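In what follows, a single structure is set out as structure tokens and then discussed.
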Amino acid sequence: MTIQVHDTRKGRKVPFEPLHDGEVTMYLCGPTVYNYAHIGNARPAVVFDLLARVLRRSYKLTFARNITDIDDKINAASIETGKPIDEITAKYIKAYNDDMAAIGVQRPDIEPRATQHVAEMISMIGELIDKGFAYEAEGHVLFDVASYKGYGELSKRDLREMIAGSRVEVAPYKRAAQDFVLWKPSTPELPGWDSPWGRGRPGWHIECSAMAAKHLGRTIDIHGGGLDLVFPHHENELAQSCCAHDGADFARYWMHNGFLSMDHEKMSKSLGNVVLVHELIKTVPGEVIRLALLSAHYRQPLDWSTETLKSAKRQLDRLYGAIRGIDVSDEARANAEVPEALVAALEDDLNSPKAMSEFFGLAKTLNKTTDPKQRQQLAAAMLAAGDLMGFLQTDPEAWFAGHVEGELSADDIEALIAKRDAARAARDFAAADAVRDQLSEAGIQIEDGASGTTWRRID
RNA sequence: GGCUAGGUGGCAGAGUGGUUAUGCUGCGGCCUGCAAAGCCGUCUACGCCGGUUCGAUUCCGACCCUAGCCUCCA
């Protein structure tokens with residue numbers, strides 16, 4: 001089945017065909033490394049990670065996710081903390097990668113950093129000036145929006161209306177209000193690079209254009225990011241790249257994930273409702289966070305609440321519960337086929353909720369099946385599905401043992417279960433129930449199965 | 001004001017011109033010493049008003065409401 005993707009530029013779902021047979025290039029706008037990533041930042045990382053996993057089934061994928069390490073917010077953080085910029089960016093790059101790994105995000109093939117591509121940016125800006133799409137003014141280089149006919153195509157904006165509705169103060173050196181900065185002067189205290197226009201630093205948008213061109217070529221297949229990047233960031237990238245590359249299409253498909261809200265409110269520092277992945281993973285399993293982020297279709301808004309996490313945890317409990325106690329070899333797992341319906345759901349514009357419904361269908365079938373061989377096959381299929389989607393990566397026993405240690409250790413729990421078993425064997429149910437109550441109070445729920453008693457930590 | 005998405009059962013959340021989404025929760029049952037897990041059943045879902053149609057939650061139009069973008073932002 002052909003993969004379908006929703007293209008922001010066309011405004012609808014279209015069949016996906018890469019530029020080159022069998023190969024796909026994808027570029028995702030990654031983090032600005034001045035702070036820990038919050039849960040909203042994690043959404044595109046998880047969504048496009050899943051897309052990358054799906055694409056790799058059918059194509060040789062080259063996936064780049066940039067790191068923005070030149071930015072006013074980084075400069076501000078440096079001044080505020082008195083720490084050198086390199087130290088700040090190094091710290092948050094590592095934290096980002098660790099945090100994303102904890103929620104099952106695989107490393108992209110390339111993680112280009114802005115600071116390492118200033119030469120490419122300068123060169124691209126020079127080309128834009130030479131070709132008449134950009135102009136220099138008071139140490140700035142600005143993109144001349146009027147020179148590019150297609151401007152506004154991606155974000156479906158009319159230039160004239162934008163001028164009329166502009167609420168931004170127009171810098172005096174700009175020819176037009178919506179002209180945007182490619183290069184700007186830097187003060188001696190701030191980072192700067194020598195350029196034909198004096199010592200300065202690049203504007204925000206040019207880095208993605210330069211890095212995408214360098215690592216993926218002039219025309220990339222998929223460009224992704226959060227919905228809020230459509231304008232102005234992606235619109236500007238598109239304009240720059242297209243003009244610098246003599247009209248070559250910049251990205252064949254534009255994909256944008258929807259926003260995340262917190263208890264129906266916008267997440268913002270002033271409201272104090274910013275949830276950092278770095279903090280969350282201390283108490284919540286990464287897979288729970290991942291599933292919560294994939295519980296709604298990627299283009300839909302997603303409301304984040306304790307209920308969202310609770311629901312994701314229960315869903316994973318169900319999946320882990322189905323495969324618990326079934327012995328599946330690594331080989332069987334690797335060779336198992338992911339059910340077609342599940343793959344089809346993901347290939348249909350990454351319909352993760354539909355894919356999960358297929359996942360639960362597998363679990364239900366497995367739970368109903370008694371034949372051991374069939375159970376093994378179904379469990380292998382579930383694990384293969386989990387490997388594709390980034391779930392079931394933990395041993396079920398470890399999963400049910402809990403993410404954080406409780407008051408009782410596993411050995412304590414096993415000892416109490418043995419004690420209860422002895423009481424049950426003696427038909428002393430009052431004593432057995434007393435043990436169970438004791439475990440229950442410690443947050444441990446027990447389950448008497450055909451092959452003995454198992455337990456799980458309840459939160 | 002402009003642009004772009006949405007409004008689905010108790011909650012979350014897919015989807016479809018006529019047939020069970022799925023998960024959680026509630027209720028009834030099976031299983032169990034009792035539970036839990038699991039299984040079976042179950043709770044008159046598609047914002048409002050028109051139109052097209054044999055038939056619309058699904059297509060079209062109006063209206064109401066919500067969110068995002070238009071300024072740094074995933």
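Being a predicted model, the structure only gives us computed values, none of them experimental.
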Item to check | Side chain of N257(A) - closest among C24(B), A74(B), G15(B) | outcome: A74(B)

Checklist entry - Counting heavy atoms not belonging to E337(A), are there more than 12 under 6.0 Å from its CD? => result no

Checklist entry - For the side chain of T308(A) and the backbone of D303(A), is there at least one donor-acceptor N/O pair under 3.5 Å apart? => result yes

Next on the checklist: What's I446(A) touching, base or sugar-phosphate or nothing? Going by heavy atoms closer than 4.0 Å.
Outcome noted: base

Checklist outcome for this item: Heavy-atom nearest pair, R9(A) first then A251(A), reads NH2-O, 2.6 Å

Next on the checklist: Looking at D371(A), I'd like to know if its CG atom is crowded, meaning that more than 12 non-hydrogen atoms belonging to other residues, nucleotides or ligands lie closer than 6.0 Å.
Outcome noted: yes

Next on the checklist: What contact category does D317(A) fall into here, base, sugar-phosphate, or nothing, at under 4.0 angstrom with non-hydrogen atoms?
Outcome noted: nothing

Next on the checklist: Quick one about H117(A) and H215(A) (side-chain donor to acceptor, distance below 3.5 Å, no hydrogens or angles considered), yes or no?
Outcome noted: yes

Checklist entry - When you check the gap from the basic side-chain N to the acidic O, do R113(A) and D69(A) get nearer than 4.0 Å? => result yes

Next on the checklist: What's Q300(A) touching, base or sugar-phosphate or nothing? Going by heavy atoms closer than 4.0 Å.
Outcome noted: sugar-phosphate

Item to check | ring centroid sep under 5.5 Å plus plane angle under 30, F259(A) with A74(B) | outcome: yes

Checklist outcome for this item: Atom CG of L316(A) and atom C1' of A37(B) are separated, to the nearest Å, by 16 Å

Next on the checklist: Over all strands shown, is H38(A) touching base, sugar-phosphate only, or nothing at heavy-atom distances under 4.0 angstrom?
Outcome noted: base

Next on the checklist: Nearest whole Å is fine: how far is A36(B) P from E441(A) CD?
Outcome noted: 17 Å

Checklist entry - Taking only side-chain nitrogens and oxygens of W455(A), does any of them come within less than 4.0 Å of OP1 or OP2 of A36(B)? => result no

Next on the checklist: Ring-plane angle category for H256(A) and H234(A), please: parallel below 30°, perpendicular beyond 60°, tilted otherwise.
Outcome noted: tilted

Next on the checklist: From the set G33(B), C73(B), G23(B), return the single nucleotide nearest to any side-chain atom of R424(A).
Outcome noted: G33(B)

Next on the checklist: Can you tell me which nucleotide in U25(B), U22(B), C39(B) comes closest to the side chain of R314(A)?
Outcome noted: U25(B)

Next on the checklist: Could you check whether D433(A) pairs with R436(A) (Lys NZ or Arg NE/NH1/NH2 to Asp/Glu carboxylate O, under 4.0 Å)?
Outcome noted: yes

Next on the checklist: At 4.0 Å (heavy atoms only), tell me whether S311(A) reaches a base, stays on the sugar-phosphate, or touches nothing.
Outcome noted: nothing

Checklist entry - Using a cut-off of 4.0 Å on non-hydrogen atoms, how would the nucleic acid contact of K310(A) be classed: base, sugar-phosphate, or nothing? => result nothing

Checklist entry - Choosing from A36(B), C70(B), G23(B), which nucleotide comes nearest the side chain of Q445(A)? => result A36(B)

Checklist entry - Which is true for F429(A) with a 4.0 Å heavy-atom rule: it touches a base, it touches only sugar-phosphate, or it touches nothing? => result base

Checklist entry - Base, sugar-phosphate, or nothing for R420(A), non-hydrogen atoms under 4.0 angstrom? => result base

Checklist entry - Could you state the CZ-P distance from R299(A) to A14(B), rounded to the nearest angstrom? => result 10 Å

Item to check | RNA chain B: stems of at least 3 consecutive Watson-Crick or G-U pairs whose donor-acceptor distances fall under 3.5 Å | outcome: B:1-7 with B:64-70, B:10-12 with B:22-24, B:26-30 with B:38-42, B:49-51 with B:59-61

Next on the checklist: Taking the side chain as everything from C-beta on, heavy atoms only, tell me whether L346(A) gets closer than 4.5 Å to M389(A).
Outcome noted: yes

Next on the checklist: Taking only side-chain N and O atoms of R324(A), does any of them lie within less than 4.0 angstrom of OP1 or OP2 on G38(B)?
Outcome noted: no

Checklist entry - The side chain of A296(A) lies closest to which of these nucleotides: A14(B), U4(B), C69(B)? => result A14(B)

Checklist entry - Where along residues 433-440 of chain A does a heavy atom come under 4.0 Å from RNA chain B, residue by residue in number order? => result D433(A), R436(A)

Checklist entry - So, is K364(A) near the phosphate of C40(B), with a side-chain N or O under 4.0 Å from OP1 or OP2? => result yes

Next on the checklist: Is there, by distance only and without an angle test, a donor paired with an acceptor across the side chain of R375(A) and the base of G38(B) below 3.5 Å?
Outcome noted: no

Checklist entry - When you compare G7(B) with U57(B), how far apart are their P atoms, in angstrom units rounded to a whole number? => result 15 Å

Checklist entry - NA contact type, G321(A), heavy-atom cut-off 4.0 Å: base, sugar-phosphate, or nothing? => result nothing

Next on the checklist: Side-chain N or O of N41(A) versus OP1/OP2 of A74(B): is the shortest distance under 4.0 Å?
Outcome noted: yes

Item to check | Atom pair distance, as rounded to whole Å: CD in E447(A) and P in C34(B) | outcome: 17 Å

Next on the checklist: Can you measure N75(A) atom CG to C72(B) atom P for me and round it to whole angstrom units?
Outcome noted: 16 Å

Checklist outcome for this item: Side-chain contact check for N351(A): nearest option of G23(B), G15(B), C69(B) is G15(B)

Checklist entry - Will you find, in the side chains of Y36(A) and N41(A), an N or O donor that is under 3.5 Å from an N or O acceptor? => result no

Checklist entry - Choosing from G23(B), G68(B), A14(B), which nucleotide comes nearest the side chain of L227(A)? => result G68(B)

Next on the checklist: In whole Å, I'd like the distance from the CD atom of Q315(A) to the P atom of A14(B).
Outcome noted: 12 Å

Item to check | Charged tip of R157(A) within 45° of F231(A) ring normal and under 6.0 Å | outcome: yes

Item to check | pair V47(A)-L293(A): side-chain heavy atoms closer than 4.5 Å | outcome: no

Item to check | Nucleotide nearest S357(A) (side chain, heavy atoms from C-beta), chosen from G33(B), G2(B), A21(B) | outcome: A21(B)

Checklist entry - Out of U22(B), C3(B), C34(B), which nucleotide sits closest to the side chain of D448(A)? => result C34(B)

Next on the checklist: Side chain of D228(A), heavy atoms from C-beta onward: which of A74(B), U4(B), C72(B) has the nearest atom to it?
Outcome noted: A74(B)

Checklist entry - Whole Å only: how far is the NE2 atom of H297(A) from the P atom of G13(B)? => result 13 Å

